[in-house]
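A short write-up of the structure that comes next.
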There are 2 protein chains.
Amino acid sequence: MTIEQHFANIVSFYYANRRMPSYQEIAKLAQFRSKFAALKLVNHLIEAGRLQKDATGRLLPTRHFFEIPWLGSVVAGYPNPAEEELLDPISLEEFLVKNKQATYMLNVTGDSMIDAGIMPGDIVLVERREHAKHGEIVVAQVDGEWTLKRLYKRGRKVSLEAANKKYPPIVPKEELRIAAVVCSLIRKY
Amino acid sequence: MTIEQHFANIVSFYYANRRMPSYQEIAKLAQFRSKFAALKLVNHLIEAGRLQKDATGRLLPTRHFFEIPWLGSVVAGYPNPAEEELLDPISLEEFLVKNKQATYMLNVTGDSMIDAGIMPGDIVLVERREHAKHGEIVVAQVDGEWTLKRLYKRGRKVSLEAANKKYPPIVPKEELRIAAVVCSLIRKY
DNA sequence: TTGACAAGTGTACGAACGTACACCTACTAT
DNA sequence: ATAGTAGGTGTACGTTCGTACACTTGTCAA
């Protein structure tokens, strides 16, 4: 078995068991009869930056465990995954969620933001925040009603603009309460 | 300290250390002087379904560790996060990636799919696959060039259609090689 | 006031952990 | 042929793990 396969087995174990294997378990995965052989294997993987240990000697997963290969752009040509990746691979969770405590998912219904590429059925990740900048897409309550719109702020003038010609801009009469700011969009096919 | 805070501390530990704490460490987090108090706390959390143990007695993270609260839909009104969540919370990774081995990220450039809500700068998660169904969005090589288009299949007729009136459908003269199928879309603001 | 009960303390114990060392193969280069 | 070396085996050791039990403390209802 190659070292690649050993590493793949460790990653698989982590996904199946939601924890890192012990040296005993690594030995089993690699079909060694001795823990020490597993320890040497692990040390090689650590030197290669593919595994990590914490201060107490426990094994930790590295970014290689979570990341999805990032291949570059489509029109630039579809690169061969066997080649070196063009961009750093990345963990989805880390990539999309900055402030976990304040982040929520929200279904989008309605076509009011369709020209901004937000379609009915999409999911937005929003961060709870009461203040937003000009141009950000916000979840807001205007005169008692909740909507998803782009915030326009020009001096004292504040309005919420849909990205769809069918809907006119909303200028709040009484109150404009911003509940959250859209920080990313997800769509499943 | 409430049990909520204890649980939050354990989740924080998991995020900071990429592993579950030992009972000793839980005792420290909860400011107990005895491991046994931590064990009792953990048992309560296990009964509540917030923690798990595997066959070897090790603690495991549950779905509560990964999930992002899902609040429902925007136009239906913005629900109060303090209330019960409307939909099951979910882990992004689990939600978006089915087949981890074959999944890659790809940057989108160009506006050829803009009417399908795929804008330049977006990222698509694609699954490597050579066969696609009618209507799926595919990464394909037609006559030597890579593109992102919607696949049209009607009997023997096969073509690639852009979602933008500026671009005419592409009917492959020689070969149509499908490299991957788009399974989800991500956009960061 | 008293009794019941939940919650935290301190100590103990076997099992499993990470680590170390001597030994034993194969293979490689000289 | 032979010496060196990388990789696997078996055993050993101190530490930490999860678990258990008896004890103390604080709280609340009767």
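Chain naming here is simple, since letters A, B, ... match the order of the sequence lines and numbering starts at 1 in each.
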d([atom1], [X]; [atom2], [N]) in whole Å:
X	N	atom1	atom2	answer
I26(B)	dT16(D)	CD1	P	17 Å
L39(B)	dT9(C)	CG	P	14 Å
L41(B)	dA6(C)	CG	P	16 Å
R58(B)	dA15(C)	CZ	P	16 Å
Y23(A)	dG8(D)	OH	P	15 Å
K28(A)	dG8(D)	NZ	C1'	19 Å

Exercise. Toward the 5' end of DNA chain C, which comes first, S34(A) or Q31(B), by nearest nucleotide?
Worked result: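 Per heavy-atom nearest nucleotide, the more 5' residue is Q31(B).
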Exercise. Where each residue is assigned the nucleotide of DNA chain C containing its nearest heavy atom, which of F32(B) and K53(A) is assigned the position nearer the 5′ end?
Worked result: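 With F32(B) and K53(A) compared, the 5'-side residue is F32(B).
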Closest to the [X] side chain: [options]?
X	options	answer
Q24(A)	dC17(C), dA7(C), dG10(D)	dC17(C)
R33(A)	dG10(D), dT9(C), dG7(D)	dG10(D)
A37(B)	dG8(D), dA7(C), dG8(C)	dG8(C)
K40(B)	dA7(C), dC17(D), dG18(C)	dA7(C)
F36(A)	dC17(D), dG18(C), dA22(C)	dA22(C)
S22(B)	dT19(D), dC17(D), dG8(D)	dC17(D)
K35(A)	dT19(C), dG8(C), dG8(D)	dT19(C)

Problem set entry | Geometric cation-pi criterion K157(B) and Y152(B), 6.0 Å radius, 45° cone |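 No, K157(B) does not lie over the aromatic ring of Y152(B).
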For this session: Rounding to 10 degrees, work out the angle separating the end axes of the helix from dT1(C)-dA30(D) to dT30(C)-dA1(D) (five pairs an end).
Result: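 Both end axes considered, the difference amounts to 20°.
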Exercise. Do K153(B) and E136(B) sit within salt-bridge range, that is, some charged N less than 4.0 Å from a carboxylate O?
Worked result: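 Salt bridge flag = no for E136(B) with K153(B).
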For this session: List the atom of V181(A), the atom of H131(A), and the distance in Å for their closest heavy-atom pair.
Result: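 Where V181(A) meets H131(A) most closely, the heavy atoms are CG2-O, 4.2 Å.
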Exercise. Can you name the closest pair of heavy atoms from G135(A) and R150(A) and give their distance?
Worked result: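 The answer is O-NH1, 2.8 Å.
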Exercise. For K28(A), which residues count as a side chain to side chain contact (heavy atoms under 4.5 Å, CB included) partner, sequence neighbours excluded?
Worked result: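 Testing K28(A) for side chain to side chain contact (heavy atoms under 4.5 Å, CB included), a comparison that skips the adjacent residues, returns none.
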For this session: Fit a plane to each ring of F65(B) and F7(B), take the angle between them on a 0 to 90° scale, and name the class: parallel (under 30°), tilted (30 to 60°) or perpendicular (over 60°).
Result: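 Perpendicular: the ring planes of F65(B) and F7(B) meet at over 60°.
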Exercise. Under the 4.5 Å side-chain heavy-atom rule for ILVMFWY, direct or indirect, which residues accompany Y167(A)?
Worked result: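 Reading the cluster by chain and number, Y167(A) sits alone, since nothing else belongs.
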